[in-house]
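First up is the structure itself, then whatever we jot down about it.
The basis for the numbers below is simple: all heavy atoms, side chains too, and nothing from hydrogens, waters or symmetry mates. Start at 1 with the first residue, then count along the sequence.
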Amino acid sequence: MAIQPWFTDAKLGIFIHWGIYAVDGVQESWSFYDDIVPYNRYMSQFDRFTASRYEPRDWAKLFARAGAKYAVLTSRHHDGVALWDTAHGDLNVGRDLIAGYADALREQGLKVGLYYSHSDWSHSDYASTRKPGRPPGLEDNRYSEVAAEDEDLAAWDRFLAYRDGQIRELTSRYKPDLLWFDGEWDRSEEQWRIPQLAELIRSEVPDVVFNARMLSEGDYATPEQGAPVVPPEGPWELCLTINDSWGHQHHDHNHKSVDQLIRYFTETIGGGGNLLLSVGPREDGTIPAEQAERLEGLGDWIAKHAEAVYGTERGLPTGHHYGPSTLSKDHRTLYLILFDAPRAEINVRGLLGGVRRVTVLGSGRELAHRVTGGLHETPGVLWIEPPTGADLDPHATVLAVELEGELELYRGAGRF
């Protein structure tokens with residue numbers, strides 16, 4: 001099944017890690033799994049998770065101003081705590097925090113994504129089996145697996161029934177456009193019963209998009225934190241934190257700058273991907289000002305350069321231009337991103353065919369251009385007059401290169 005066009009056109013999504021872990025500012029789920037925080041202390045945050053200032057419409061308006069076209073909320077992380085009043089399992093916040101989020105996003109024209117962890121390290125039936133072929137050893141953890149001789153397949157069936165019940169609630173209530181799964185490493189595809197799970201979900205939301213952590217049913221690759229040097233061939237999405245943490249951690253003030261975020265964003269869309277940028281609301285539901293300011297800054301840049309963002313495809317492969325680029329869907333306009341003020345002419349290599357004109361996006365100033373060199377099938381190099389002064393964007397300048405025909409590239413080594 002081809003991926004939904006809205007996803008590849010979206011370019012930017014917002015990832016929201018919100019749960020009881022924001023109370024003490026500890027790492028979501030992993031803090032008890034790795035015995036950094038005792039389980040009972042981790043769960044003691046439950047009674048102090050208030051959501052007292054949660055305004056999903058404010059979230060949605062901020063995300064829209066950031067230029068995002070979708071968002072993904074952690075409906076249930078590995079800790080098993082559900083953000084809605086589920087009838088399945090014992091751990092939920094006692095009210096529905098998802099409905100308002102879904103409604104608010106749709107009011108802003110944004111697609112609705114929900115994160116759901118395959119694994120649940122709190123469920124009594126979860127640690128009842130282990131991944132086939134996993135040898136016993138130091139990686140064994142009481143929250144996720146048992147020794148092979150202690151496996152209880154009936155308990156595992158009960159766990160899957162619980163999972164399916166929660167998934168039915170999420171899909172029937174909120175009709176998500178995207179389901180972002182996680183925790184797939186704990187079991188095999190056969191143990192998760194992935195094809196049956198996908199069938200269950202599509203019976204409610206036939207056009208849903210899955211990330212790669214739905215294994216064989218995934219629609220797109222999901223690199224995490226590390227920007228790929230060589231972009232995946234098909235659709236993909238880089239999930240990235242604004243600081244160093246997914247959820248809210250009080251001590252983490254190491255926020256990426258707007259400049260850095262624009263670089264991550266443009267390099268991602270230039271490689272044909274989406275950026276899923278994570279924010280970590282406080283336990284009361286407010287997004288920290290430092291994170292909101294960065295979303296606003298990114299949104300201002302995107303709004304000014306929207307033509308080079310939306311309705312574009314992956315740009316030039318590495319080696320043709322020093323920096324990322326995007327390509328219009330009719331393949332007749334190249335958008336070159338310049339991170340620094342150029343000290344000399346900008347060059348583009350390997351263009352077959354002529355260039356009609358080059359302009360600075362945002363100011364409209366036309367820049368002189370010329371071609372030098374070339375021999376037989378090897379094209380010359382395009383040289384573009386460097387923009388200066390007010391034509392330079394303080395973060396990243398974009399040049400629109402209008403071609404005389406559809407983009408064709410020379411990828412050979414030249415005459416020997």
Side-chain angles (χ1 to χ4, degrees), residues 10-28 31 45 48-75 77 81 83 93 97-98 100-105 107-110 112-113 115 180 224-225 227 238-266 268 274-306 309 393-396:
K11 308 305 181 187
L12 179 66
I14 305 299
F15 211 176
I16 310 147
H17 280 71
W18 190 39
I20 65 170
Y21 39 84
V23 175
D24 291 339
V26 297
Q27 188 179 13
E28 59 287 339
S31 53
Q45 298 172 101
R48 293 173 285 141
F49 180 75
T50 67
S52 58
R53 298 172 63 192
Y54 173 45
E55 297 290 346
R57 283 191 171 91
D58 290 345
W59 283 11
K61 289 175 183 176
L62 173 62
F63 302 160
R65 291 196 301 274
K69 300 300 181 183
Y70 65 106
V72 177
L73 172 65
T74 49
S75 68
H77 209 271
V81 179
L83 290 188
V93 293
L97 297 177
I98 297 178
Y101 154 83
D103 291 343
L105 288 187
E107 285 174 8
Q108 294 296 320
L110 276 62
V112 174
Y115 167 112
W180 210 103
E224 180 173 334
Q225 291 286 55
L238 170 64
C239 55
L240 181 77
T241 52
I242 283 187
N243 51 11
D244 293 329
S245 310
W246 294 108
H248 180 66
Q249 295 193 26
H250 309 85
H251 65 276
D252 187 353
H253 302 292
N254 190 31
H255 292 89
K256 297 172 181 67
S257 67
V258 172
D259 277 340
Q260 289 175 322
L261 293 176
I262 289 171
R263 291 197 181 211
Y264 272 110
F265 176 65
T266 55
T268 298
N274 291 354
L275 178 63
L276 184 63
L277 187 59
S278 183
V279 297
R282 302 181 185 90
E283 65 80 20
D284 65 4
T286 57
I287 293 174
E290 303 95 325
Q291 299 190 1
E293 288 164 3
R294 282 155 176 80
L295 292 185
E296 299 271 12
L298 177 58
D300 288 343
W301 185 90
I302 291 174
K304 180 179 175 182
H305 303 95
V309 174
D393 184 90
H395 299 294

Inset, instruction - Of all the heavy-atom pairs spanning Pro281 and Ile287, show the shortest one and how long it is. - result: CG-CG1, 4.2 Å
Legend entry - Spacing of Leu62 atom CG and Leu295 atom CG [to the nearest 0.5 Å]: 5.0 Å
Inset, instruction - Report yes if the side chains of Phe63 and Leu12 come closer than 4.5 Å at any heavy-atom pair, otherwise no. - result: no
Inset, instruction - Taking ring pair (Phe, Tyr, Trp, His ring centres under 6.0 Å) as the test, write out the residues that go with Trp301, two or more places apart. - result: His305
Inset, instruction - For Tyr21 and Gly247, indicate whether the former's side chain and the latter's backbone hold a donor-acceptor pair under 3.5 Å. - result: no
Inset, instruction - For Ile262 and Leu298, work out which heavy atoms get closest and say how close. - result: CG1-CD1, 3.8 Å
Inset, instruction - Measure the shortest side-chain to side-chain distance between Thr74 and Ile16 over non-hydrogen atoms and say whether it is less than 4.5 angstrom. - result: no
Inset, instruction - Look only at the side chain of Glu107 and the backbone of Arg57, and say whether a donor-acceptor pair between them is shorter than 3.5 Å. - result: no
Inset, instruction - Identify the two heavy atoms, one from Gly285 and one from Trp59, that lie closest to each other, and give their separation to 0.1 Å. - result: O-NE1, 2.9 Å
Inset, instruction - Only counting residues at least two apart or in another chain, list the ones meeting ring pair (Phe, Tyr, Trp, His ring centres under 6.0 Å) with Phe49. - result: Trp18
Inset, instruction - Check whether any side-chain heavy atom of Asp103 lies under 4.5 Å from a side-chain heavy atom of Pro56, and answer yes or no. - result: no
Legend entry - Nearest heavy atoms of Leu73 and Tyr101, plus distance in Å: N-OH, 3.3 Å
Legend entry - Close side-chain approach of Trp180 and Leu276, heavy atoms under 4.5 Å: yes
Legend entry - Any His17 side-chain heavy atom under 4.5 Å of His77 side chain: yes
Inset, instruction - Please confirm whether His253 and His251 have ring centers closer than 6.0 angstrom. - result: no
Legend entry - OG-CD1 distance between Ser278 and Ile242, expressed to the nearest 0.5 angstrom: 7.5 Å
Legend entry - pair Glu296-Arg65: side-chain heavy atoms closer than 4.5 Å: yes
Legend entry - Glu283 bridged to Arg48 by N-O distance under 4.0 Å: no
Legend entry - Heavy-atom closest pair, residues Ile14 and Ala68: CG1-CB, 3.7 Å
Legend entry - Pairs involving residues 246-266, ordered by first then second residue, that meet salt bridge (charged side-chain N to carboxylate O under 4.0 Å, His left out) (sequence neighbours left out): Arg263-Asp340
Inset, instruction - Kindly compute the distance separating CD (Gln249) from OG (Ser31), expressed to the nearest 0.5 Å. - result: 8.5 Å
Inset, instruction - Hey, could you give me the CG/CZ distance between Leu277 and Phe15, rounded to the nearest 0.5 Å? - result: 11.0 Å
Inset, instruction - Considering non-hydrogen atoms only, spot the tightest contact between Arg282 and Ala22 and give its length. - result: C-CB, 4.0 Å
Inset, instruction - Would you kindly say whether Ser245 and Gln27 are connected by a side-chain donor-acceptor distance under 3.5 Å? - result: no
Legend entry - From His255, Gln225, Glu224, residue fulfilling side-chain hydrogen bond (donor to acceptor under 3.5 Å, both in side chains) relative to Thr241: Gln225
Legend entry - Side chains of Ile302 and Phe265 in contact at under 4.5 Å (non-hydrogen atoms): yes
Legend entry - Pairwise side-chain contact, Asn243 with Gln291, heavy-atom cut-off 4.5 Å (strictly under): yes
